[in-house]
Amino acid sequence: YRMAGHRDYSQYLDGRWYNTTACPGETLYNELATLRDEAWSRLPDDDVRFESHDTPSLLRTHQVVTVSLSVRNAGVTPWIPGDVYLGYRWYSQDGTPLSQAMDAGIPSLETAFGDWLPLTATLTPPPVTGTHTLYWDLYRQSRPCNGRNLRAPTFFSSPRTCHLIA
């Protein structure tokens, strides 16, 4: 998320300055501010990265479980408590939605771009036995923050497949 040249990190150590070179030249360094602005302008307003979770792969129908997740704000708009919420949707194996977006919890801290936040969510599976796919997302005003189709793998490695038993 950061664009810098090695001269941006000069340091004084043991009576000597390091990384004080003029390389790669004034032309690039004169353009760095413009390059940074251009890169920043291409970032999405809302985006989320799920870094880890402990969603169980086997659940009973109607079993309410607590899931720990770690999420990173990958959009430039800060997450304000009460403005965003963690949610999820369930889909059957053929892609049929089994639930609307369910509110699983609200972040308790303001979270700026690049910051991560540990969350605890309440997860309730659908009342239908079988193998289903769970998609987590962060929502702002009922819209998913990642802007991707929720039927695509939004868990960023893969969606979570859960086996539901009676």
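We number each residue from 1, following the sequence as shown.
Residues I106 and L119 have side chains not in contact (no heavy-atom distance under 4.5 Å, counting atoms from C-beta outward). Between F50 and L86 the shortest side-chain heavy-atom distance falls below 4.5 Å. Here the side chains of P126 and H132 are in contact, with some heavy-atom distance below 4.5 Å. The shortest distance between side-chain heavy atoms of V71 and W136 does not fall below 4.5 Å.
For S99, the side chain to side chain contact (heavy atoms under 4.5 Å, CB included) partners two or more places apart in sequence, or in a different chain, are R89, W90, M102. Contacts of P44 classified as side chain to side chain contact (heavy atoms under 4.5 Å, CB included), with partners at least two apart in sequence or in another chain: D47. Q63 meets the side chain to side chain donor-acceptor pair (under 3.5 Å) test with no other residue; sequence neighbours excluded. Residues passing the salt bridge (Lys or Arg N to Asp or Glu O under 4.0 Å) test with E38 are R42, sequence neighbours excluded. A search for side chain to side chain contact (heavy atoms under 4.5 Å, CB included) contacts involving T124 returns V64, Y88, not counting sequence neighbours.
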Could you go step by step and tell me if L138 and W79 meet the side-chain contact (heavy atoms from CB on, under 4.5 Å) rule? CA-CA 10 Å; L138 212 67; W79 298 339; 3.2 Å; yes

Walk me through whether Y91 and T96 qualify under side-chain contact (heavy atoms from CB on, under 4.5 Å). CA-CA 5 Å; Y91 290 89; T96 303; over 6 Å; no

Apply side-chain contact (heavy atoms from CB on, under 4.5 Å) to V67 and T122, showing your working. CA-CA 6 Å; V67 177; T122 302; over 6 Å; no

Worked check of side-chain contact (heavy atoms from CB on, under 4.5 Å) between V128 and T61: CA-CA 7 Å; V128 181; T61 56; 5.9 Å; no

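At least one donor-acceptor pair closer than 3.5 Å links the side chain of D54 to the backbone N or O of S68. Of the possible donor and acceptor atoms, one in the side chain of N73 sits under 3.5 Å from a partner among the backbone N and O of T77.
Once rounded to the nearest 0.5 Å, the distance linking CG of L123 with CG of L59 reads 6.0 Å.
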Which pairs would a plain distance check flag for residues 107-116, meaning a side-chain donor or acceptor within less than 3.5 Å of a matching protein atom at least two apart in sequence or in another chain?
{"residue": "T111", "atom": "OG1", "partner": "L109", "partner atom": "O", "Å": "3.1"}

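Screening residues 75-88 for salt bridge (charged side-chain N to carboxylate O under 4.0 Å, His left out) gives D83-R140 as the qualifying pairs, with residues at least two apart or on separate chains.
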